[in-house]
Amino acid sequence: MFLTVTSPKAVMYPKHRNSSQGPIASPSFPELEKEVLAYWDKDGTFQESIDQRAAADAPEFVFYDGPPFANGLPHYGHLLTGYAKDLVPRYQTMRGKRVERRFGWDTHGLPAEVEAERLLGISGRPEIEKFGVAKFNEFCKTSVLKYTEDWRSYITRQARWVDFDNDYKTLDQNYTESVIWAFQQLHNKGLIYEGFKVLAYCWRCETPLSNHELKMDDEVYRDRQDQSVTVTFPVTSQGELAGVKILAWTTTPWTLPTNFALAVGPNIEYSLVHAKNSDLGDEKFLIASALLPNYLKELGFEDVESAQAAVSKTYLGSDLGGIKYEPIFDFYNDPSKFSIENAWQVLVGDYVTAEDGTGIVHQAPAYGEDDQMLCNAAGIPTYVSVNERGEFTSLIGTYEGQHVFEANKPITQDLKANGRLIRQASYDHSYPHCYRCKNPLIYKAVSSWFVETTKVKDRMLELNQEINWVPDHTKNGGFGKWLENVRDWAISRNRFWGAPIPVWKSDDPNYPRIDVYGSLDEMERDFGVRPTDFHRPVIDELTRPNPDDPSGKSTMRRVPEVLDCWFESGSMPFAQVHYPFENQDWFDSHFPGDYIVEYVGQTKGWFYTLHVLSTALFDRPAFKNAVSHGIVLGNDGQKMSKSLRNYPDVNEVFDRDGSDAMRWFLMSSPILRGGNISVTEQGIREGVRQALLPLWNSYYFFALYANASGYTASPSMASTQLLDRYILAKTRELIDSVTLDLDTFDSFAASAKVRDFAEVLTNWYIRRSRDRFWEGDKDAFDTLYTVLEAAFRVIAPMLPLVAEEMWRGLTDGRSVHLESWPEAEEFLQDAHLVRDMDAIREAASSGLSLRKSSGIRVRQPLAKITVAVVGSDSLRDYAELLADELNVKAVDIVEANAETSSSFGLKQSLAVNARALGPRVGKDVQRIIGQAKAGNWEKLAEGIFVDGTLLMEPEYELTLVADNESSDFAVGVTSSGFILLDTRLTPELQSEGLARDTIRHIQQARKDFGLDVSDRISLQLVCDEESVTALETHSDLISRETLASDIEIAAGQISAPLSVGETGGIAITLAKK
RNA sequence: GGAAAUGUAGCUCAGUGGUAGAGCACUCGGCUGAUAACCGAGCGGUCACAAGUUCAAGUCUUGUCAUUUCCA
């Protein structure tokens, strides 16, 4: 019985698609990705990846997702971190761990309030209070959640697996209860206190600003011109400095009414100058010696020399501490009202420099952070003289009601009138401005709550040693140094939208009492109601009579501040699960976390607050491994800027190149090692070319030929064929090295390994094995299948979408992400094989180089190549492979030694091994190296003799160099020997070369004609007489290679011949049969 | 102003104290019925600068400069 098959061949691959279509040669990766995403969504693959590990009772890998503040759409920075947050958990899942990935939202804080103010068209505390705190907070709540859906779609598109449905928000009641529990714990441990701290303050919006807000954009710090004044302070202490006028300098004259001290640098030298003709008359002055030349004119000196001649004595700053001086104003000069016993003296401060002004700094403790610390340490309190609007209070009677900037002028005038001013000048400096109202800020002490981090500093440093940091210098560098210089953490904000400071105070100072609450139960117990909302103003409405007040008149009221939102994000490990009110067991097994990753700035942000709270609350580090990656720059190496348009649009990249292309670009960059990276379209395309396409093409090649052969491959490592064994051994190397790299969070190194592997796979293994696939060699198919299947598992964390498509196309399995990481041990280990094959690849490369230098194209067959290597025996099996690669008729493999090399006309050259010889001969090694390079050496029986020194193994190495010229042979040197290419052409060889040229042309014509690889043709060739003979000799070869069922070769004249061979021309006519 | 990191080819980066490498880009040549590829050759360097330690420094030490980041 005969059947005629008319339907297309059954298609095996891609297996998962159930289609009669084979694989796509050049797919749109973005389209493929969308299909995979839709499949995951439908299949519930992510949930299964966790559930299957849970079912197996697998160990956990605990990942903490830093909550982003979603007040806008995600940008490259978020995407980058997102890829890093996805890659490692995917890898660990494949390694058999259960990795839960719960998303979190940072919802509180000033950024949220700022956005709300912008949208509502109001600004500043008074306007918010007028608008209504309840309404305002309600607005904040909706506005912070506005972008969550957009975030979800971006994150889904980037193939990041995250549990959104079970997310946590810092505004949740449960979350906040855990946060106030933490506050109470810290309070109970004596780590919370209330104090004054100098903060940047906007007098128009009537609020202090956080450091965060000073960094909101580049507009904050702008150049501003201020009046600087140099003021005299006469010494009142007895002794040789009595009556001397200390010169101090400031750019904020308005702070002079609250001058309480002067500061000098301990190691700065100060000069006592007798200025007979100063602007103030015959006086003695004290000024930093280095800055004296800046004040020649005011002090009445002609030149530096005469000023220096007037110096009667010099002092070190450290000798000047404690000297008393006469205050400028007497607003505070009433001991019955103010603690001034330590005021108006010289203090020694490390931060003082001799670079500006006079080297002596005026101190106003309420208006400078350094000032405050120095003065408070010396027993000088912080007195604030300015109200919320930046106006002087009644304490400063003369200037009461004047705004501080307005008061600069009258104050300066009064100083002048009192003879206290010696210089007034304008001064340009970079100065912070309010990012909302653009007004210049002032620094001002405000009441604030603190965590006393300085108390736990040592323990934080100890626990830091238990953390593995990437890059490792962060441990004792970026993070360690930061901890060493830790200051108490101001955790309160005079704002509205945030977790409340859970402190209630008596409103009558005569009956003081402070209650700190750490749970809803405690609040219900004391206030009789259980709060339904921790937000203001609801929480502020909880009041009760002061139990310590027998009169019953005073009331316990909550302090008005809210918590710094960083306190909340730092509470994430326990607050996300409502610990300790719930999930105590869970927390015990999920703390510390195994892995966190954020951009380098978070070293001093989230990583820091996690570490502070974890140390203080649990005496443990919060995380075991922390990656702080670099930042993403625009294509010009500058910060990304919307206005400069210096980076490709995220959605364009997703649509054109796909998410895996972007993931590969970012994850293969040094950015996770702490470096920065410029995002360019070119860079993204390069990743596609180097990784995605070679891998896809390998997959395509396999599928195409397996379909053509109708063969379904199965896993096998049984092939004895050399190339098969080689690629299996290479796969083992790939698995081994990528495992090591990903274990240490080094996706940069892992990517390089994948890239190299893809290179070997496509450009050696597949290229050299093409014929075997054409012939339907089952070993070849099974081997390539086995290698690809394992390789796709290896790349799954790095290219999750494309890997999924290819892996399912091979196996029809559910998902590569549900598979286990491949076991390297299952793959062939054969170091000899790998070494030999690499030697063959080198010989091939060298042979091609010889063809090039001899001017003989590769299509032209040659008679013979001789390959001389050390250990030639094991290479004999590769002769055929090499013959094919180099298009030679014979490969002769011989042992490389002195005899063979000299007989082939090679010379030896001497390389000195400095590492071995150096220690023996010391500095002579330099001379010997020079002589060896110059060729001044001789080989004797006992060793190598160089310029009077005898070298023994392994102090030298002899290598070969090509020496003589021959028209018959070309000689090349390889790392372990040399090769010799017979360049003589015979007529037979030439005619075969001609045939091969012709074949090439025919193949191109087939392709141009749009024929399928299996289409048969009839062929006519027209050429000159001489070529006819040559082509006829090889007509079998030609018809076989080009699938020509009939072939006609004729001599004749042709108008536009295609050139073949050295001189010939040919015309090709073909028709599909 | 302070701290940290980084300075190696045009670009992106490797580089155990032993006499400088890869990929990309560029130029030229070759090869190609999986490939958007590939192969070969060429071009390209005061390893930021300076001192020191050492027989020997890109590598270790110190200083300077530059860039970046973080903190002021």
Side-chain angles (χ1 to χ4, degrees), chain A residues 23 25-26 200 211 214-215 221 351 353 355-356 369-370 432 443 471 473-474 476-482 484-485 487 599-605 628 630-631 633 637-639 668-670 673-678 680 682-683 685-686 688-690 692-694 696-705 748-749 752 755-756 759 762-764 766-767 770 773-774 844-853 855-859 885 887 911-930 933 999-1000 1002-1004 1006-1007 1011-1015 1041-1043:
Chain A
S26 302
N211 289 334
L214 292 184
K215 294 181 286 170
Y221 276 89
Y351 71 91
T353 70
E355 282 169 23
D356 273 320
E369 200 180 345
D370 292 324
Y443 285 90
H473 59 70
T474 306
N476 295 315
F479 196 66
K481 290 277 191 277
W482 173 252
E484 278 169 26
N485 297 315
R487 296 206 196 151
Y599 98 105
V600 60
Q602 296 292 11
T603 313
K604 286 147 191 173
S628 65
I631 55 168
L633 303 171
Q638 303 296 305
K639 268 186 187 169
S668 67
S669 78
R673 291 181 169 183
N676 298 337
I677 187 176
S678 299
T680 61
Q682 198 189 0
R685 299 292 308 166
E686 191 178 310
V688 171
R689 272 212 323 273
Q690 290 187 352
L692 275 168
L693 285 175
W696 180 268
N697 289 330
S698 305
Y699 162 70
Y700 171 73
F701 175 87
F702 168 84
L704 183 70
Y705 281 91
F748 175 74
R755 210 163 40 217
D756 292 347
E759 220 277 325
T762 61
N763 292 322
W764 189 253
I766 293 182
R767 187 163 63 83
R770 214 155 20 195
F773 289 97
W774 191 232
S845 176
S846 182
L848 290 167
S849 169
L850 290 183
R851 274 183 169 277
K852 152 78 178 159
S853 56
I856 303 171
R857 65 195 189 284
V858 178
R859 271 196 304 267
E885 173 73 7
N887 193 18
V912 174
N913 179 356
R915 189 191 286 274
L917 183 63
R920 179 163 74 89
V921 301
K923 65 171 181 262
D924 287 340
V925 74
Q926 299 305 323
R927 181 176 47 82
I928 294 169
I929 288 172
K933 273 185 178 166
I999 291 169
R1000 165 77 196 114
I1002 298 167
Q1003 303 289 34
Q1004 188 61 49
R1006 286 182 59 113
K1007 206 172 189 178
L1011 296 184
D1012 187 79
V1013 285
S1014 54
D1015 287 338
E1041 290 289 318
T1042 63
L1043 296 186

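Note that the coordinates shown come from a computational prediction; the quantities given were computed from them, not determined experimentally. Below, chains carry the letters A, B, ... as their sequence lines are ordered, and counting in each starts from 1.
The shortest distance between the side-chain N/O atoms of A:Ser26 and the OP1/OP2 oxygens of B:rA36 is not below 4.0 Å. In this model, the phosphate group of B:rA34 is approached by a side-chain N or O of A:Arg770 to a distance below 4.0 Å at OP1 or OP2.
Comparing A:Leu850 and A:Phe748 against RNA chain B, the residue whose closest nucleotide sits nearer the 5' end is A:Phe748. Where A:Tyr599 and A:Ile1002 meet RNA chain B, the nucleotide closest to each residue was compared, and A:Ile1002 sits on the side nearer the 5' end.
Across all strands shown, the partner of B:rG23 is B:rC11, judged by Watson-Crick or G-U wobble contacts whose two distances both fall under 3.5 Å. Applying the Watson-Crick and G-U wobble criteria (two distances, each under 3.5 Å), B:rU68 pairs with B:rA4. Under the Watson-Crick or G-U wobble criterion, with both distances below 3.5 Å, B:rG63 is paired with B:rC49. Across all strands shown, B:rA36 forms no Watson-Crick or G-U wobble pair with both distances under 3.5 Å.
Side-chain contact between A:Leu917 and A:Asn913: absent, with no pair of heavy atoms (C-beta onward) separated by less than 4.5 Å.
Nucleotides B:rU32 and B:rC43, compared at atom C1', are 26 Å apart to the nearest Å. Nucleotides B:rA9 and B:rA14, compared at atom P, are 12 Å apart to the nearest Å. Taking atom P on both B:rA57 and B:rA20, the two are 12 Å apart, rounded to the nearest angstrom. Taking atom C1' on both B:rA37 and B:rC49, the two are 44 Å apart, rounded to the nearest angstrom. Taking atom C1' on both B:rA3 and B:rG10, the two are 33 Å apart, rounded to the nearest angstrom. Across the P atoms, B:rA48 and B:rG58 are found 10 Å apart, a figure rounded to whole Å. For B:rU61 and B:rU69, the C1' atoms lie 26 Å apart once the distance is rounded to whole Å. As rounded to the nearest Å, B:rG29 and B:rA34 have C1' atoms that lie 25 Å from one another.
If you check every strand for non-hydrogen atoms under 4.0 Å, A:Tyr699 touches nothing. Counting non-hydrogen atoms under 4.0 angstrom, A:Phe479 reaches nothing in the nucleic acid. Using a 4.0 Å heavy-atom distance criterion, A:Glu1041 is classed as making no nucleic acid contact. Within the nucleic acid shown, A:Thr474 has no heavy atom closer than 4.0 Å to any nucleic acid atom.
Considering only the side chain of A:Val600, B:rU69 comes nearest among B:rC39, B:rA34, B:rU69. Side-chain atoms of A:Glu759 lie closest to B:rC39 of the nucleotides B:rC39, B:rG30, B:rA34. Taking every side-chain heavy atom of A:Arg859 into account, B:rU32 is the closest of B:rG30, B:rU6, B:rU32. Relative to the side chain of A:Arg1000, the nucleotides B:rU32, B:rA34, B:rG30 differ in distance, and B:rU32 lies closest. For A:Ser849, the listed nucleotide lying nearest its side chain is B:rA41; candidates were B:rA41, B:rA4, B:rA14.
In terms of heavy atoms, A:Ala914 sits closest to A:Ile929 at CB-CD1, 4.2 Å. Nearest approach of A:Pro23 to A:Ala703, heavy atoms of both residues: CG-CB, 3.4 Å.
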Verdict with reasoning, A:Thr762 to A:Arg767, per side chain to side chain contact (heavy atoms under 4.5 Å, CB included): CA-CA 6 Å; A:Thr762 61; A:Arg767 187 163 63 83; over 6 Å; no

CA sep, side-chain torsions, deciding dist, call: A:Arg851, A:Val858, side chain to side chain contact (heavy atoms under 4.5 Å, CB included): CA-CA 7 Å; A:Arg851 274 183 169 277; A:Val858 178; 3.9 Å; yes

Derivation of the ring-ring contact (aromatic ring centres under 6.0 Å, His included) call for A:Tyr699 and A:Trp696: CA-CA 5 Å; A:Tyr699 162 70; A:Trp696 180 268; 5.0 Å; yes

Chi angles and distances behind the side chain to side chain contact (heavy atoms under 4.5 Å, CB included) call for A:Arg859, A:Ile999: CA-CA 10 Å; A:Arg859 271 196 304 267; A:Ile999 291 169; over 6 Å; no

Check against side chain to side chain contact (heavy atoms under 4.5 Å, CB included), A:Lys604 and A:Phe479: CA-CA 7 Å; A:Lys604 286 147 191 173; A:Phe479 196 66; over 6 Å; no

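If you take CH2 of A:Trp696 and P of B:rC38, they are 19 Å apart, rounded to a whole angstrom. As a whole-Å value, the separation of A:Arg685 CZ from B:rU12 P is 21 Å. Following rounding to the nearest Å, A:Gln1004 (CD) and B:rC31 (P) show an atom-to-atom distance of 13 Å. Computed from coordinates, the A:Arg767 CZ to B:rA37 C1' distance equals 11 Å when rounded to whole Å. Going from atom CG of A:Asn887 over to atom C1' of B:rU32 covers 14 Å, rounded to whole Å. Rounded to a whole Å, the NZ atom of A:Lys604 is 4 Å from the C1' atom of B:rC70. Atoms CG (A:Asn763) and C1' (B:rG40) sit 14 Å apart, rounded to a whole Å. Here the P atom of nucleotide B:rC39 and the CD1 atom of A:Ile856 are 22 Å apart, to the nearest Å.
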Nucleotide-resolved protein contact map, nucleotides 17-29 of chain B, B/S/- at heavy-atom distance under 4.0 Å: -BB---SSS---S

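Using modelled atom types, one side-chain atom of A:Gln1003 and one backbone atom of A:Glu1041 make a donor-acceptor pair closer than 3.5 Å. In this structure, the side chain of A:Ser698 engages the main chain of A:Pro694 through a donor-acceptor pair within 3.5 Å.
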